Every structure is written in structure tokens, then in C-alpha cells.
Amino acid sequence: MNYNNNIKYFQVAQGVWGMRLVFVNVYIIANRRGFPKGWVLVDAGIQGSADKIIAFAESIFGAGTRPSAIVLTHAHSDHTGALEELLKHWDVPVYAHELEIPYLTGKSSYPPSDPTVGRGLMSLMSPFFRTKPLNINEKVKVIDVNSGITELPEWKVIHTPGHAPGHISLFLPLNTTLIAGDAFATTKAESAVYLLNNIKKLSGPPAYMTTDWSAAKASVQKLADLQPRIAAAGHGPVIRGRELQAELRKLADNFDKKAVPGSGRYIGHSTQADETGTYYVPPFRSSTKFKVVVGLIGAIAGFAVTQSLVK
Ligand SMILES: [Zn+2]
Ligand SMILES: [Zn+2]
């Protein structure tokens, strides 16, 4: 852990740093060679964290620094909360996969979260997370998955849908560093206890916002096949070495048991989305309706508790 002017951040690998904002991570990747040099911000944290993200960057690169681009693993509100604020400060392009663009250009909302899955306070609170799109049309650039991102020439872009349709992960073959986004988590993202205390536990993607579980499974298998030695996810601490490879393999091989909830709105019924946004959301079935009512009651209590914790 580095402390620089009271800014607390951690090193992931050479030229890669992370910062935890209450329960979600953002990452900075420095370009070590190629044109243009400089650095890229991966994801944009929760609302209200712009000043912390700027201070994080300035503590590494000096006052007045700015990224050459912001890259989004996906556009969920906990990964884009400070984006509009940051863009007022840094006039830079924002890269996202084609299938995430509708949620950044005012065209489509994400499907509603499923508070009944995952048995945790975060799940219960998930109906309060923003699903409405941002509107940053003029800043958005579509990622070409095959050629990658100009500003990150050494990194491969891997389309890892399931948690979100245009979810991407970033992989540096040189030292097999993986920035996984929410393709999987390294903590139990449904549990406020795990999440707020950053307890290490390699897990499936945050369940309450995952709306296509078969795609999510294929994505984890794709990432496990890369055999990364360092993994930094959107939620949870960095996992490395043999521990990572063994746990990730186990997760990929036993995904249905380890990651997929027993029941829920999107279990066996996926949402469907294309480059215009989400066009099919499975209806609530009667069995889940009751749980949702219970969930909402819990959510209100949970929201009140967490608001008092955060303040
Ligand atoms: Zn997410
Ligand atoms: Zn997330």
C-alpha cells in the first residue's frame, strides 16, 4: 500500500495501480512503450469520487496530469459514477465496447437488478443503483476488440459479456496481468461485510446485476484459459500466483455451482441486448415476486444503514 499525500492506493503490477473507492476499484495503467506514452484510467468509480481519482493520478504522475483516455470495463453506475465529473476536468475520450454504448449515450437503461440473488445486503440495496444511461455522446469511442485500444498498445481487449452485454476485460500477455472488471469478483460482491472490508474470495460476477449467466460462464472460462498470474477485479483485492490460477480454474469448472444463484429473475432467462440497448427483459415470475417484496423491505433498511456508514 502506498501513501502519497494521504492518497491510499495499491500496486497491481509494474505500471499498474489500483484505488479502492468504498467498495469498487479503479485502475491506472501506464504505457511503458509505444505511442502515445502516458496513462489510461480504467473505470470511473462511484459518484462523488472524482477528486479522489484525480488525486490518485496526480500522486503518481504529478500535478496537472491527465490520462490519454478513460477505458470502461462496462457502464454500470458503480464504474461510471464519477465519469461526468472527471470529464469536466479531463477532456479525454472514453472507450467502451459497442454493446455498452447505448448506456452511455442516453439510448437504453440497464435491466433492473435482481435483489433476490446472492443473499447479501448489497443485493438487497441493488434496486437503488442507477440503471438509467449517462449521456456523454461526444466523448464516447467504440473499442475495436480485434485491434485493441490505441492508447494501450500492449494490452489485449477481451469481450467478456454476461454481467453486462459489452463487458470487457484487459489482459497484458507480457506478465499475464488481468484486469477483470466485473467478469468475476475477488470478494463476495453481494455481501456488504465482504465488500466493505475487502475480504478476499474469488467469486462469480456480482449476481444482482448479472443478467446473462450462460454468457457470464463462458466469459470466466475464457479468462481462466488465459492463466493469468495477477488478477485485479472491479470488486475485491488483487489475487496472484498459484492461488489465483487454482481458484479461477475451480470457478470456471464449477461455475453453475459456485457462481450461479439457485433461483432468480435471470436464472435460465437471460436479457437480450444489441447495439441499440436492452430489448428483452424476462418478466418476474410469481415465485420471485414475493422475494422481491421482502428484498425491497430489506433494501430500505440496508440503504439507510449504508448511507450512515458512508457519511
Ligand atoms: Zn457491474
Ligand atoms: Zn461493479
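Indexing begins at 1, ligand by ligand and atom by atom, following the structure's order. Computed from a predicted structure; not experimentally measured.
With sequence neighbours left out, the side chain to side chain contact (heavy atoms under 4.5 Å, CB included) criterion links Pro111 to Thr211, Tyr266, Thr271, Thr278, Val281. The side chain to side chain contact (heavy atoms under 4.5 Å, CB included) check on Ser49 picks up Leu21, Ile46, Ile53, Ala82, with sequence neighbours excluded.
No side-chain heavy atom of Ile143 sits under 4.5 Å from any side-chain heavy atom of Glu98. Within the 4.5 Å cutoff, the side chain of Trp39 has heavy atoms near those of the Thr65 side chain. Between Val238 and Thr186 there is no side-chain heavy-atom pair separated by less than 4.5 Å.
Taking 2.8 Å as the limit, the number of protein N, O or S atoms around the Zn ion (ligand 2) is 4.
Pairs of residues two or more places apart, or lying in two chains, that qualify as ring-ring contact (aromatic ring centres under 6.0 Å, His included) and include a residue from residues 118-164 are His74-His163, His76-His163, His97-His159, Phe128-Phe303, Phe129-Tyr208.
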